[in-house]
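Structure record follows, encoded as C-alpha coordinates.
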Amino acid sequence: MNKHKISTFLASLYLCIFLFIPFSKTSSVAHYQYESCVPTNCGHGPNISFPFYVPGVQESYCSYPGFELACDDKFPVLKLSENDYVVDDIFYQNRSFRVHNAAVLGLEGRGCLSRIRNTTFLPSQFDYVNSRCLHLFSSCREPLPHELSRYNVSCGNPEDGKNWTLALYDKDENLTNIAMEKCEENIVTPVEKYVNKGIVSDLEGLLRKGFMMNWTASDCSVCENSGGRCGFNATSHLFRCFCPDRPHSSSCKPGNCWGTLILPCTS
Ligand SMILES: *[C@@H]1O[C@H](CO)[C@@H](O)[C@H](O)[C@H]1NC(C)=O
Ligand SMILES: *[C@@H]1O[C@H](CO)[C@@H](O)[C@H](O)[C@H]1NC(C)=O
Ligand SMILES: *[C@@H]1O[C@H](CO)[C@@H](O)[C@H](O)[C@H]1NC(C)=O
Ligand SMILES: *[C@@H]1O[C@H](CO)[C@@H](O)[C@H](O)[C@H]1NC(C)=O
Ligand SMILES: *[C@@H]1O[C@H](CO)[C@@H](O)[C@H](O)[C@H]1NC(C)=O
Ligand SMILES: *[C@@H]1O[C@H](CO)[C@@H](O)[C@H](O)[C@H]1NC(C)=O
Ligand SMILES: *[C@@H]1O[C@H](CO)[C@@H](O)[C@H](O)[C@H]1NC(C)=O
Ligand SMILES: *[C@@H]1O[C@H](CO)[C@@H](O)[C@H](O)[C@H]1NC(C)=O
(Lines give C-alpha, C1' and ligand atoms only; values in the text may rest on other atoms or scores of the structure.)
(Ligands and ions follow the chains in the order given, each with its own letter.)
Protein backbone atom coordinates (compact mmCIF):
# COMPACT_ATOMS: atom_id res chain seq x y z
CA MET A 1 0.00 0.00 0.00
CA ASN A 2 1.51 3.30 -0.98
CA LYS A 3 1.14 6.52 0.97
CA HIS A 4 -1.48 7.89 -1.35
CA LYS A 5 -3.72 4.86 -0.96
CA ILE A 6 -3.34 4.88 2.81
CA SER A 7 -4.32 8.51 3.08
CA THR A 8 -7.29 7.99 0.75
CA PHE A 9 -8.35 5.09 2.90
CA LEU A 10 -8.03 7.05 6.14
CA ALA A 11 -9.85 10.02 4.66
CA SER A 12 -12.79 7.92 3.56
CA LEU A 13 -12.81 6.09 6.88
CA TYR A 14 -13.09 9.41 8.72
CA LEU A 15 -15.78 10.48 6.29
CA CYS A 16 -17.70 7.34 7.07
CA ILE A 17 -17.43 7.76 10.79
CA PHE A 18 -18.37 11.41 10.76
CA LEU A 19 -21.12 11.17 8.17
CA PHE A 20 -22.72 7.92 9.27
CA ILE A 21 -22.69 7.56 12.96
CA PRO A 22 -23.96 10.95 14.03
CA PHE A 23 -26.57 10.84 11.25
CA SER A 24 -27.97 7.45 12.15
CA LYS A 25 -28.03 8.40 15.82
CA THR A 26 -29.68 11.78 15.48
CA SER A 27 -32.41 10.91 12.94
CA SER A 28 -35.50 10.00 14.93
CA VAL A 29 -37.93 9.36 12.06
CA ALA A 30 -37.17 6.24 10.02
CA HIS A 31 -36.90 6.52 6.26
CA TYR A 32 -40.28 6.12 4.52
CA GLN A 33 -39.16 3.15 2.39
CA TYR A 34 -38.00 1.30 5.51
CA GLU A 35 -41.38 2.07 7.10
CA SER A 36 -43.45 0.89 4.15
CA CYS A 37 -41.63 -2.45 3.92
CA VAL A 38 -42.68 -3.59 7.40
CA PRO A 39 -43.69 -7.32 7.28
CA THR A 40 -47.42 -7.90 7.02
CA ASN A 41 -49.84 -10.83 6.94
CA CYS A 42 -53.31 -11.59 5.63
CA GLY A 43 -54.88 -12.50 8.98
CA HIS A 44 -54.12 -16.18 8.54
CA GLY A 45 -50.86 -17.67 7.39
CA PRO A 46 -47.24 -16.57 7.47
CA ASN A 47 -45.67 -13.15 7.80
CA ILE A 48 -45.02 -11.64 4.40
CA SER A 49 -41.84 -9.79 3.56
CA PHE A 50 -39.19 -9.69 0.83
CA PRO A 51 -39.15 -11.24 -1.76
CA PHE A 52 -42.96 -11.39 -1.37
CA TYR A 53 -45.31 -8.46 -0.96
CA VAL A 54 -49.02 -7.72 -0.85
CA PRO A 55 -50.04 -4.97 -3.32
CA GLY A 56 -52.05 -2.27 -1.61
CA VAL A 57 -50.52 -3.08 1.77
CA GLN A 58 -46.83 -2.87 0.91
CA GLU A 59 -45.05 -1.13 -1.94
CA SER A 60 -43.73 -3.08 -4.92
CA TYR A 61 -40.19 -1.91 -4.11
CA CYS A 62 -40.40 -4.07 -0.95
CA SER A 63 -40.43 -7.15 -3.20
CA TYR A 64 -38.63 -8.92 -5.96
CA PRO A 65 -40.41 -8.94 -9.36
CA GLY A 66 -42.89 -11.81 -9.70
CA PHE A 67 -43.58 -12.35 -6.00
CA GLU A 68 -47.01 -10.76 -5.60
CA LEU A 69 -49.38 -12.36 -3.12
CA ALA A 70 -53.03 -11.42 -2.75
CA CYS A 71 -54.95 -11.56 0.51
CA ASP A 72 -58.03 -13.60 -0.31
CA ASP A 73 -60.46 -14.27 2.52
CA LYS A 74 -57.59 -13.64 4.99
CA PHE A 75 -55.32 -16.19 3.31
CA PRO A 76 -52.24 -15.27 1.26
CA VAL A 77 -52.74 -16.50 -2.29
CA LEU A 78 -50.20 -16.94 -5.09
CA LYS A 79 -51.39 -17.11 -8.68
CA LEU A 80 -49.57 -19.83 -10.58
CA SER A 81 -50.54 -20.69 -14.08
CA GLU A 82 -54.36 -20.83 -14.02
CA ASN A 83 -54.60 -21.77 -10.35
CA ASP A 84 -54.75 -19.93 -7.08
CA TYR A 85 -52.48 -21.43 -4.43
CA VAL A 86 -52.88 -20.72 -0.73
CA VAL A 87 -49.48 -20.09 0.89
CA ASP A 88 -49.40 -22.15 4.10
CA ASP A 89 -45.89 -21.33 5.21
CA ILE A 90 -42.85 -19.37 4.09
CA PHE A 91 -39.34 -20.49 5.14
CA TYR A 92 -37.25 -17.41 4.47
CA GLN A 93 -34.05 -18.98 5.80
CA ASN A 94 -33.95 -21.65 3.08
CA ARG A 95 -36.02 -19.76 0.51
CA SER A 96 -38.86 -22.21 0.28
CA PHE A 97 -42.61 -22.15 0.87
CA ARG A 98 -45.50 -24.56 1.11
CA VAL A 99 -48.68 -24.14 -0.91
CA HIS A 100 -51.92 -25.95 -1.64
CA ASN A 101 -54.48 -25.44 -4.35
CA ALA A 102 -57.20 -23.01 -3.27
CA ALA A 103 -59.78 -25.18 -5.05
CA VAL A 104 -59.68 -27.43 -1.96
CA LEU A 105 -60.71 -24.61 0.38
CA GLY A 106 -64.14 -25.01 1.88
CA LEU A 107 -64.86 -28.30 0.18
CA GLU A 108 -64.96 -30.46 3.31
CA GLY A 109 -65.93 -33.58 1.44
CA ARG A 110 -68.77 -31.77 -0.27
CA GLY A 111 -67.71 -32.78 -3.71
CA CYS A 112 -65.20 -32.40 -6.43
CA LEU A 113 -62.52 -29.99 -7.33
CA SER A 114 -64.30 -28.28 -10.16
CA ARG A 115 -62.03 -25.28 -10.05
CA ILE A 116 -58.76 -27.15 -10.26
CA ARG A 117 -56.87 -26.42 -13.46
CA ASN A 118 -53.62 -27.25 -15.17
CA THR A 119 -50.40 -26.12 -13.54
CA THR A 120 -48.06 -26.79 -16.39
CA PHE A 121 -46.37 -23.42 -16.74
CA LEU A 122 -44.15 -22.33 -13.85
CA PRO A 123 -42.50 -18.90 -13.80
CA SER A 124 -38.70 -19.04 -13.71
CA GLN A 125 -38.37 -17.61 -10.18
CA PHE A 126 -40.10 -20.70 -8.73
CA ASP A 127 -39.21 -24.37 -8.67
CA TYR A 128 -40.88 -27.47 -7.25
CA VAL A 129 -39.18 -29.25 -4.35
CA ASN A 130 -39.92 -32.92 -3.71
CA SER A 131 -43.04 -32.97 -5.80
CA ARG A 132 -44.40 -35.15 -8.54
CA CYS A 133 -47.10 -34.74 -11.15
CA LEU A 134 -50.56 -36.13 -10.67
CA HIS A 135 -52.81 -36.53 -13.71
CA LEU A 136 -56.51 -36.15 -13.08
CA PHE A 137 -58.90 -37.49 -15.70
CA SER A 138 -62.55 -36.59 -16.01
CA SER A 139 -65.51 -37.67 -18.07
CA CYS A 140 -64.23 -41.18 -18.68
CA ARG A 141 -66.24 -43.64 -20.75
CA GLU A 142 -67.37 -46.67 -18.79
CA PRO A 143 -66.58 -49.44 -18.40
CA LEU A 144 -62.98 -48.69 -17.54
CA PRO A 145 -60.34 -51.35 -18.29
CA HIS A 146 -59.43 -53.38 -15.23
CA GLU A 147 -55.92 -51.88 -14.94
CA LEU A 148 -57.43 -48.42 -14.72
CA SER A 149 -60.33 -49.05 -12.38
CA ARG A 150 -57.91 -49.34 -9.41
CA TYR A 151 -57.18 -45.65 -9.90
CA ASN A 152 -60.81 -44.61 -9.68
CA VAL A 153 -61.07 -41.76 -7.21
CA SER A 154 -64.80 -41.38 -7.90
CA CYS A 155 -64.65 -37.74 -7.04
CA GLY A 156 -67.84 -36.89 -8.80
CA ASN A 157 -70.45 -34.25 -8.20
CA PRO A 158 -72.15 -33.28 -11.46
CA GLU A 159 -73.61 -30.10 -9.92
CA ASP A 160 -70.09 -28.94 -9.12
CA GLY A 161 -68.92 -29.14 -12.68
CA LYS A 162 -66.14 -31.60 -13.38
CA ASN A 163 -66.19 -35.12 -12.11
CA TRP A 164 -62.69 -36.39 -11.72
CA THR A 165 -62.64 -40.12 -12.17
CA LEU A 166 -59.00 -41.19 -12.28
CA ALA A 167 -55.83 -40.06 -10.54
CA LEU A 168 -52.55 -41.33 -11.96
CA TYR A 169 -48.95 -40.40 -11.23
CA ASP A 170 -46.84 -39.40 -14.17
CA LYS A 171 -44.57 -42.42 -13.92
CA ASP A 172 -47.42 -44.68 -15.03
CA GLU A 173 -46.93 -43.57 -18.61
CA ASN A 174 -48.59 -46.60 -20.08
CA LEU A 175 -51.71 -46.14 -18.02
CA THR A 176 -51.76 -42.42 -18.69
CA ASN A 177 -51.92 -43.11 -22.40
CA ILE A 178 -54.82 -45.53 -22.00
CA ALA A 179 -56.63 -43.07 -19.76
CA MET A 180 -56.20 -40.30 -22.31
CA GLU A 181 -58.09 -42.42 -24.82
CA LYS A 182 -60.87 -43.29 -22.38
CA CYS A 183 -61.38 -39.85 -20.84
CA GLU A 184 -62.35 -36.56 -22.35
CA GLU A 185 -60.30 -34.22 -20.23
CA ASN A 186 -57.18 -34.30 -18.11
CA ILE A 187 -55.15 -31.88 -16.07
CA VAL A 188 -51.72 -32.09 -14.46
CA THR A 189 -51.17 -30.84 -10.92
CA PRO A 190 -48.13 -31.08 -8.63
CA VAL A 191 -48.44 -32.99 -5.36
CA GLU A 192 -45.94 -33.92 -2.69
CA LYS A 193 -43.68 -36.84 -3.50
CA TYR A 194 -43.90 -39.64 -0.99
CA VAL A 195 -43.56 -43.37 -1.05
CA ASN A 196 -46.81 -45.18 -1.73
CA LYS A 197 -48.16 -47.76 -4.09
CA GLY A 198 -49.14 -45.15 -6.60
CA ILE A 199 -52.81 -45.30 -5.70
CA VAL A 200 -54.49 -42.17 -4.46
CA SER A 201 -56.94 -43.05 -1.73
CA ASP A 202 -57.73 -39.52 -0.55
CA LEU A 203 -57.49 -37.05 -3.39
CA GLU A 204 -58.80 -34.12 -1.42
CA GLY A 205 -56.40 -34.83 1.46
CA LEU A 206 -53.48 -35.13 -0.92
CA LEU A 207 -54.27 -31.80 -2.56
CA ARG A 208 -54.91 -30.16 0.82
CA LYS A 209 -51.49 -31.30 2.03
CA GLY A 210 -49.93 -29.35 -0.79
CA PHE A 211 -46.30 -29.30 -1.75
CA MET A 212 -43.10 -27.36 -1.31
CA MET A 213 -41.59 -24.86 -3.69
CA ASN A 214 -38.44 -22.79 -3.59
CA TRP A 215 -37.52 -19.46 -5.13
CA THR A 216 -34.70 -17.57 -6.75
CA ALA A 217 -34.29 -13.91 -5.76
CA SER A 218 -31.66 -11.63 -4.26
CA ASP A 219 -30.37 -12.83 -0.90
CA CYS A 220 -31.92 -10.81 1.89
CA SER A 221 -30.04 -12.20 4.89
CA VAL A 222 -27.12 -9.71 5.06
CA CYS A 223 -29.46 -6.72 4.90
CA GLU A 224 -31.95 -8.22 7.33
CA ASN A 225 -29.26 -9.23 9.83
CA SER A 226 -28.01 -5.64 9.80
CA GLY A 227 -31.47 -4.38 10.79
CA GLY A 228 -32.67 -3.48 7.32
CA ARG A 229 -35.64 -4.45 5.17
CA CYS A 230 -34.93 -5.77 1.72
CA GLY A 231 -36.24 -4.35 -1.51
CA PHE A 232 -35.62 -4.17 -5.18
CA ASN A 233 -35.70 -1.27 -7.61
CA ALA A 234 -37.34 -2.65 -10.74
CA THR A 235 -36.22 0.42 -12.74
CA SER A 236 -32.53 0.15 -11.97
CA HIS A 237 -32.69 -3.64 -11.39
CA LEU A 238 -30.75 -3.15 -8.18
CA PHE A 239 -31.21 -4.74 -4.78
CA ARG A 240 -31.92 -2.20 -2.04
CA CYS A 241 -31.47 -2.47 1.69
CA PHE A 242 -33.91 -0.05 3.33
CA CYS A 243 -32.51 1.07 6.66
CA PRO A 244 -33.93 3.43 9.27
CA ASP A 245 -31.65 6.21 8.00
CA ARG A 246 -31.87 5.72 4.22
CA PRO A 247 -31.67 3.05 1.48
CA HIS A 248 -28.31 1.29 1.20
CA SER A 249 -27.03 -1.06 -1.47
CA SER A 250 -26.58 -4.20 0.64
CA SER A 251 -26.44 -3.65 4.41
CA CYS A 252 -27.22 -1.08 7.09
CA LYS A 253 -23.90 -1.68 8.81
CA PRO A 254 -21.21 0.89 8.20
CA GLY A 255 -18.92 -2.13 7.86
CA ASN A 256 -19.21 -1.37 4.20
CA CYS A 257 -16.80 1.48 4.79
CA TRP A 258 -13.93 -1.02 4.70
CA GLY A 259 -14.58 -1.21 1.02
CA THR A 260 -13.87 2.47 0.57
CA LEU A 261 -10.57 1.94 -1.22
CA ILE A 262 -12.66 0.79 -4.15
CA LEU A 263 -15.94 2.57 -3.65
CA PRO A 264 -16.73 5.92 -2.15
CA CYS A 265 -18.67 5.90 1.09
CA THR A 266 -22.11 5.28 -0.39
CA SER A 267 -22.96 1.82 0.84
C1 LIG B 1 -44.90 -12.73 12.60
O2 LIG B 1 -44.03 -11.76 13.13
C3 LIG B 1 -44.34 -11.41 14.47
C4 LIG B 1 -43.45 -10.25 14.87
O5 LIG B 1 -42.12 -10.49 14.52
C6 LIG B 1 -44.15 -12.64 15.36
O7 LIG B 1 -44.47 -12.32 16.68
C8 LIG B 1 -45.07 -13.74 14.85
O9 LIG B 1 -44.86 -14.92 15.59
C10 LIG B 1 -44.84 -14.03 13.38
N11 LIG B 1 -45.86 -14.94 12.89
C12 LIG B 1 -45.58 -16.00 12.17
C13 LIG B 1 -46.75 -16.82 11.71
O14 LIG B 1 -44.44 -16.31 11.87
C1 LIG C 1 -36.81 -25.20 4.93
O2 LIG C 1 -36.88 -25.20 6.33
C3 LIG C 1 -38.10 -25.69 6.85
C4 LIG C 1 -38.09 -25.50 8.34
O5 LIG C 1 -36.87 -25.83 8.87
C6 LIG C 1 -38.27 -27.16 6.45
O7 LIG C 1 -39.48 -27.66 6.96
C8 LIG C 1 -38.28 -27.24 4.93
O9 LIG C 1 -38.36 -28.57 4.50
C10 LIG C 1 -37.02 -26.59 4.35
N11 LIG C 1 -37.17 -26.49 2.90
C12 LIG C 1 -36.34 -27.07 2.06
C13 LIG C 1 -36.59 -26.85 0.62
O14 LIG C 1 -35.41 -27.78 2.42
C1 LIG D 1 -65.73 -45.37 -9.59
O2 LIG D 1 -66.21 -45.76 -8.31
C3 LIG D 1 -67.50 -45.27 -8.03
C4 LIG D 1 -67.83 -45.59 -6.60
O5 LIG D 1 -67.17 -46.73 -6.16
C6 LIG D 1 -68.50 -45.89 -9.02
O7 LIG D 1 -69.80 -45.40 -8.75
C8 LIG D 1 -68.08 -45.48 -10.43
O9 LIG D 1 -68.93 -46.09 -11.40
C10 LIG D 1 -66.65 -45.86 -10.72
N11 LIG D 1 -66.29 -45.23 -11.96
C12 LIG D 1 -65.66 -45.88 -12.93
C13 LIG D 1 -65.37 -45.06 -14.15
O14 LIG D 1 -65.34 -47.03 -12.82
C1 LIG E 1 -68.98 -38.36 -14.83
O2 LIG E 1 -69.10 -37.95 -16.18
C3 LIG E 1 -69.45 -39.02 -17.06
C4 LIG E 1 -69.38 -38.49 -18.50
O5 LIG E 1 -69.89 -37.19 -18.58
C6 LIG E 1 -70.83 -39.54 -16.69
O7 LIG E 1 -71.18 -40.61 -17.54
C8 LIG E 1 -70.78 -40.05 -15.24
O9 LIG E 1 -72.04 -40.47 -14.81
C10 LIG E 1 -70.29 -38.95 -14.31
N11 LIG E 1 -70.08 -39.51 -12.97
C12 LIG E 1 -70.39 -38.88 -11.86
C13 LIG E 1 -70.11 -39.61 -10.59
O14 LIG E 1 -70.86 -37.77 -11.85
C1 LIG F 1 -47.68 -51.05 -21.68
O2 LIG F 1 -48.91 -51.53 -22.25
C3 LIG F 1 -48.72 -52.50 -23.28
C4 LIG F 1 -50.07 -52.81 -23.86
O5 LIG F 1 -51.07 -52.92 -22.91
C6 LIG F 1 -48.03 -53.72 -22.66
O7 LIG F 1 -47.80 -54.67 -23.65
C8 LIG F 1 -46.70 -53.28 -22.05
O9 LIG F 1 -46.06 -54.40 -21.42
C10 LIG F 1 -46.89 -52.18 -21.05
N11 LIG F 1 -45.62 -51.69 -20.61
C12 LIG F 1 -45.34 -51.46 -19.32
C13 LIG F 1 -43.99 -50.92 -19.02
O14 LIG F 1 -46.15 -51.66 -18.43
C1 LIG G 1 -53.41 -29.95 -19.21
O2 LIG G 1 -52.07 -30.24 -19.57
C3 LIG G 1 -51.91 -31.53 -20.15
C4 LIG G 1 -50.44 -31.79 -20.33
O5 LIG G 1 -49.78 -30.67 -20.78
C6 LIG G 1 -52.69 -31.58 -21.46
O7 LIG G 1 -52.56 -32.87 -22.04
C8 LIG G 1 -54.16 -31.29 -21.18
O9 LIG G 1 -54.91 -31.25 -22.38
C10 LIG G 1 -54.33 -29.98 -20.43
N11 LIG G 1 -55.71 -29.85 -19.99
C12 LIG G 1 -56.44 -28.75 -20.18
C13 LIG G 1 -57.84 -28.79 -19.65
O14 LIG G 1 -56.01 -27.78 -20.77
C1 LIG H 1 -34.95 -25.55 -5.64
O2 LIG H 1 -35.12 -26.95 -5.49
C3 LIG H 1 -34.64 -27.71 -6.57
C4 LIG H 1 -35.05 -29.15 -6.36
O5 LIG H 1 -34.75 -29.57 -5.06
C6 LIG H 1 -33.13 -27.51 -6.68
O7 LIG H 1 -32.62 -28.24 -7.77
C8 LIG H 1 -32.84 -26.03 -6.87
O9 LIG H 1 -31.46 -25.81 -6.88
C10 LIG H 1 -33.48 -25.21 -5.76
N11 LIG H 1 -33.35 -23.80 -6.11
C12 LIG H 1 -33.01 -22.88 -5.20
C13 LIG H 1 -32.91 -21.49 -5.70
O14 LIG H 1 -32.79 -23.17 -4.04
C1 LIG I 1 -35.21 3.41 -8.55
O2 LIG I 1 -34.04 3.85 -9.17
C3 LIG I 1 -34.24 5.00 -9.97
C4 LIG I 1 -32.95 5.27 -10.73
O5 LIG I 1 -31.82 5.12 -9.89
C6 LIG I 1 -34.67 6.15 -9.07
O7 LIG I 1 -34.86 7.31 -9.83
C8 LIG I 1 -35.96 5.77 -8.37
O9 LIG I 1 -36.35 6.78 -7.45
C10 LIG I 1 -35.79 4.47 -7.64
N11 LIG I 1 -37.11 4.04 -7.16
C12 LIG I 1 -37.37 3.73 -5.89
C13 LIG I 1 -38.76 3.31 -5.57
O14 LIG I 1 -36.52 3.78 -5.01
Side-chain angles (χ1 to χ4, degrees), residues 30-37 45-47 50-51 53 55 58-65 80-83 87-101 103 112-122 125-140 161-173 175-194 209-221 223 228-243 245-250 266:
H31 190 268
Y32 75 97
Q33 285 179 315
Y34 172 83
E35 291 288 1
S36 48
C37 294
N47 288 334
F50 184 92
Y53 90 113
Q58 290 153 317
E59 298 293 334
S60 63
Y61 55 68
C62 307
S63 75
Y64 197 78
L80 276 185
S81 224
E82 298 167 60
N83 288 284
V87 179
D88 292 309
D89 223 334
I90 304 177
F91 306 105
Y92 292 96
Q93 78 281 8
N94 56 17
R95 302 186 211 185
S96 62
F97 60 111
R98 176 168 273 284
V99 297
H100 74 268
N101 198 304
C112 259
L113 308 155
S114 52
R115 288 180 297 132
I116 197 164
R117 299 190 210 292
N118 256 342
T119 313
T120 40
F121 169 75
L122 195 64
Q125 69 271 27
F126 299 123
D127 201 353
Y128 299 119
V129 181
N130 260 331
S131 76
R132 64 195 292 195
C133 282
L134 186 71
H135 296 258
L136 295 176
F137 294 90
S138 73
S139 307
C140 304
K162 288 277 139 11
N163 79 59
W164 300 106
T165 318
L166 293 171
L168 290 169
Y169 286 110
D170 54 354
K171 81 171 204 303
D172 304 315
E173 212 176 291
L175 292 173
T176 312
N177 288 334
I178 304 171
M180 276 185 186
E181 287 167 18
K182 285 295 259 182
C183 309
E184 274 165 36
E185 201 179 333
N186 80 90
I187 61 131
V188 185
T189 189
V191 291
E192 190 163 79
K193 190 185 279 176
Y194 68 107
K209 197 167 175 225
F211 56 93
M212 192 79 96
M213 300 184 84
N214 61 10
W215 71 74
T216 307
S218 309
D219 185 5
C220 178
S221 57
C223 170
R229 291 175 184 154
C230 302
F232 192 82
N233 186 323
T235 312
S236 62
H237 285 275
L238 287 176
F239 176 80
R240 306 302 287 149
C241 183
F242 300 120
C243 304
D245 62 343
R246 63 184 175 83
H248 294 234
S249 68
S250 59
T266 54

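As the structure lists them, so they are numbered: ligands from 1, and atoms in each ligand from 1. Being a predicted model, the structure only gives us computed values, none of them experimental. Throughout, residue positions are numbered sequentially from 1 according to the sequence presented.
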Compute the ring centroids of [X] and [Y], then answer whether they are less than 6.0 Å apart.
X    : Y    : result
F232 : Y64  : yes
Y128 : F211 : yes
F242 : Y61  : yes

### Query
What residues form a disulfide bond (SG atoms under 2.5 Å apart) with C133, not counting sequence neighbours?
none
### Query
Is the shortest N/O to N/O distance between N186 and ligand 6 below 3.5 Å?
yes
### Query
Could a heavy atom of R98 be found less than 4.0 Å from some atom of ligand 2?
no
Main-chain N/O of [Y] paired to [X] side chain as donor or acceptor, under 3.5 Å:
X    : Y    : answer
R98  : K209 : yes
N101 : I116 : no
N118 : V188 : yes

Under 4.0 Å from any heavy atom of [X], which atoms of ligand 2 are there?
X    : answer
S96  : 1 (C), 10 (C), 11 (N), 12 (C), 13 (C)
N94  : 1 (C), 2 (O), 3 (C), 8 (C), 10 (C), 11 (N), 12 (C), 14 (O)
M212 : 8 (C), 9 (O), 11 (N)

### Query
Does a side chain donor of either D245 or H31 reach within less than 3.5 Å of an acceptor in the other side chain?
no
### Within 6.0 angstrom of Q93 CD, more than 12 heavy atoms from elsewhere
yes
### Task
Would you please write out the protein residues whose heavy atoms approach any atom of ligand 8 to under 4.0 angstrom, listed by chain and number?
Q33, Y61, N233, S236
### Task
Quick one: look at E185 and ligand 6, take heavy-atom pairs under 4.0 Å, and tell me if it's side chain, backbone, both or neither.
side chain
